[in-house]
2 protein chains.
Amino acid sequence: MEPNIATIGSLVGDQARSKMLIALMGGKALTATELALEADISAQTASSHLAKLVEGGLLVVRKQGRHRYFQLRGEEVAGLIENMFNISSSLSEESVFTGPKDKNLRASRICYDHMAGKLATQLYESLVDKQFIKDNISESTLSEEGKQFFLDLGADLSEVSGLKRPLCKPCLDWSERKSHLAGSIGKWVLSDVIQRKWAARDLNSRALRFSDDGLKAFKKRYGL
Amino acid sequence: MEPNIATIGSLVGDQARSKMLIALMGGKALTATELALEADISAQTASSHLAKLVEGGLLVVRKQGRHRYFQLRGEEVAGLIENMFNISSSLSEESVFTGPKDKNLRASRICYDHMAGKLATQLYESLVDKQFIKDNISESTLSEEGKQFFLDLGADLSEVSGLKRPLCKPCLDWSERKSHLAGSIGKWVLSDVIQRKWAARDLNSRALRFSDDGLKAFKKRYGL
DNA sequence: CGAATACTTCGATAGCCATCGAACTAATTG
DNA sequence: CAATTAGTTCGATGGCTATCGAAGTATTCG
């Protein structure tokens, strides 16, 4: 038996479930009720959907008191979702993105555990400009100068790299259609921004809200 | 409106359609009847499925006489399928791969327009060993020596590279769980192998069948 | 031309599954 | 302990869609 693609497809292929998955792209673990709200369905229905997503291996659960926190199973799954975003947005050519919510998402949002959106692609371009990243379209590496740059910023590369996860990896942005920074470094940049309180995760979406000062500081730090 | 992931999911999320998509991963354009056979359904049903896949942007059609040839819409879509393969095979942990057909697939098969399977991952490892490819786990570039190596083999890198497609790009192999060679160079290697008649595409599957002599010649050419 | 092949369109049918109301378990709070 | 909150299980319903038979169009072949 070849691996079963169809079951994965059908898991994503339901409006309610896909809304949940997208919500979880924010990287935060969400409770069943939050996800029910996100998907505009009753708690019962949500429960059955979530059971399927866990059974199907796309989500994992952590029980905590009377809450159950759901999360994407890992980078692999997040990659799949982003992949589908890219395809579907490359299809609807001139898709109409209107409304304030979408504007925020386009400006800056969270893609699993790193930043995405306009600001994130600007950052990536600037890092390439400064030759901190060597970009070969779909593959890229952090240069020695780049490593030094992040060390100076306070990133603990030894801790951050380790494991099997690539240090620096481009991730195609569905709204900008350019690369933004994923990988361990991408994750570090996001956590750094949040720790410095330059930006906060939006409560109900994947949007990442920068304060005026925070945005200024961010641009200064990375020379944008 | 955010791009619609669910429709893409549901397109893949049907047994018959997923079988068709997998068959098309062989890279060859197939006719409607061939795909109907592949999916074990009647011609009428296949026709409706194919219409949906085209409408949904996953496939493209070329009309030729009384035949209609279907193909994956591009590398992006092929990547999605491979992506799902990886997830689903990482789920069914110790999935049982038995039967001669699967053995052939594991040894050598076609992944859209390049080689995959055991032989392909061996090739990739060897190229990394010889420092023709600089591998940074999920990103990689062709070194100067590597470029020279392929030029010597007769690859026309200027023609082969061009465009926006990366020259050299790793692609995670679902049966081996290692990288194999994708990108323009990956494509060139496959077409070279076929042109030299060292191997032939299997008629009814994605398997790539090497002749004894062909396999020997291939291993010699790439020093395996 | 007539016959065969490739494919589509149009029903009708049947099975699957998303949905929610109702009733349950389980944890928390006061 | 009773009341509230979080989540599940069960059963009924309704809608969606994969399926194929039958009949249609288009193309090729002899």
Side-chain angles (χ1 to χ4, degrees), chain A residues 4-24 28-73 84 203-204, chain B residues 4-24 28-73 84 203-204:
Chain A
N4 196 350
I5 276 192
T7 48
I8 297 189
S10 67
L11 282 176
V12 187
D14 172 87
Q15 280 298 340
R17 281 192 295 259
S18 77
K19 280 183 194 166
M20 293 175 163
L21 290 169
I22 292 174
L24 288 168
K28 262 194 310 189
L30 299 175
T31 68
T33 10
E34 286 170 325
L35 287 166
L37 226 81
E38 199 72 43
D40 275 314
I41 49 175
S42 71
Q44 309 95 292
T45 313
S47 177
S48 107
H49 282 311
L50 290 168
K52 279 170 196 170
L53 287 169
V54 171
E55 164 70 27
L58 297 191
L59 300 186
V60 289
V61 193
R62 244 174 331 131
K63 222 180 161 172
Q64 218 164 93
R66 59 177 165 181
H67 294 281
R68 299 189 67 193
Y69 286 93
F70 294 86
Q71 256 179 309
L72 297 187
R73 211 202 70 207
M84 293 177 112
L203 281 180
N204 298 317
Chain B
N4 197 352
I5 275 191
T7 49
I8 297 189
S10 68
L11 282 176
V12 186
D14 172 86
Q15 280 297 340
R17 282 192 296 258
S18 76
K19 281 182 194 168
M20 293 175 164
L21 290 168
I22 292 174
L24 288 168
K28 262 194 310 190
L30 299 175
T31 68
T33 10
E34 286 171 324
L35 287 166
L37 227 80
E38 199 72 43
D40 275 315
I41 49 175
S42 72
Q44 308 95 295
T45 312
S47 177
S48 108
H49 282 313
L50 289 168
K52 279 171 195 169
L53 287 170
V54 171
E55 163 70 27
L58 297 190
L59 300 186
V60 289
V61 190
R62 244 174 329 133
K63 221 180 165 174
Q64 218 164 92
R66 58 177 164 180
H67 294 280
R68 299 190 66 193
Y69 286 93
F70 294 86
Q71 258 180 308
L72 297 187
R73 211 203 68 205
M84 293 176 112
L203 281 179
N204 298 316

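This is a predicted model, so every value here is computed, not measured. Computed over heavy atoms, backbone and side chain alike; hydrogens, waters and symmetry mates excluded. Proteins come first, then strands; the chains are lettered A, B, ... in the order of their sequence lines, and each starts at number 1.
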- Whole angstrom value for the distance that separates P of D/dT8 from CD of A/E55: 14 Å

- Separation between NZ of B/K52 and OG of B/S10, rounded to the nearest 0.5 Å: 9.0 Å

- Under the side chain to side chain contact (heavy atoms under 4.5 Å, CB included) test, residues paired with A/T45 that sit two or more places apart: A/I41, A/S42, A/H49

- Message: Within the structure provided, determine whether B/V61 and B/L50 are in side-chain contact (heavy-atom separation under 4.5 Å).
- Response: no

- Query: To the nearest angstrom, how far is B/Q15 atom CD from C/dC16 atom P?
  - Reply: 13 Å

- Query: Looking at DNA chain C, which of residues 60-73 of chain B put a heavy atom within less than 4.0 Å of it?
  - Reply: B/R66, B/H67, B/R68

- Near DNA chain C, which residues from residues 41-53 of chain B have a heavy atom under 4.0 Å away? B/A43, B/Q44, B/S47

- Query: How many Å lie between CG on A/L11 and P on C/dC17, as a whole number?
  - Reply: 11 Å

- Query: Is the backbone N or O of A/Y69 less than 3.5 Å from a side-chain atom of A/R62, with the two atoms forming a donor-acceptor pair by type?
  - Reply: no

- Check: B/A6 main-chain N/O paired with A/R17 side-chain donor or acceptor under 3.5 Å: no

- Item | Spacing between A/D14 atom CG and D/dG15 atom P, to the nearest angstrom | 17 Å

- For residues B/V60 and B/L72, report the shortest heavy-atom separation together with the two atoms involved. CG2-O, 4.0 Å

- Heavy-atom closest pair (B/L24 atom, B/F70 atom, distance to 0.1 Å) is CD2-O, 3.4 Å

- Note on the structure: Rounded to whole Å, CG of B/L35 lies from P of D/dA18 at a distance of 16 Å

- Query: So, for B/L11 and B/G56, which heavy atoms are closest and what is the spacing to 0.1 Å?
  - Reply: CD1-CA, 3.7 Å

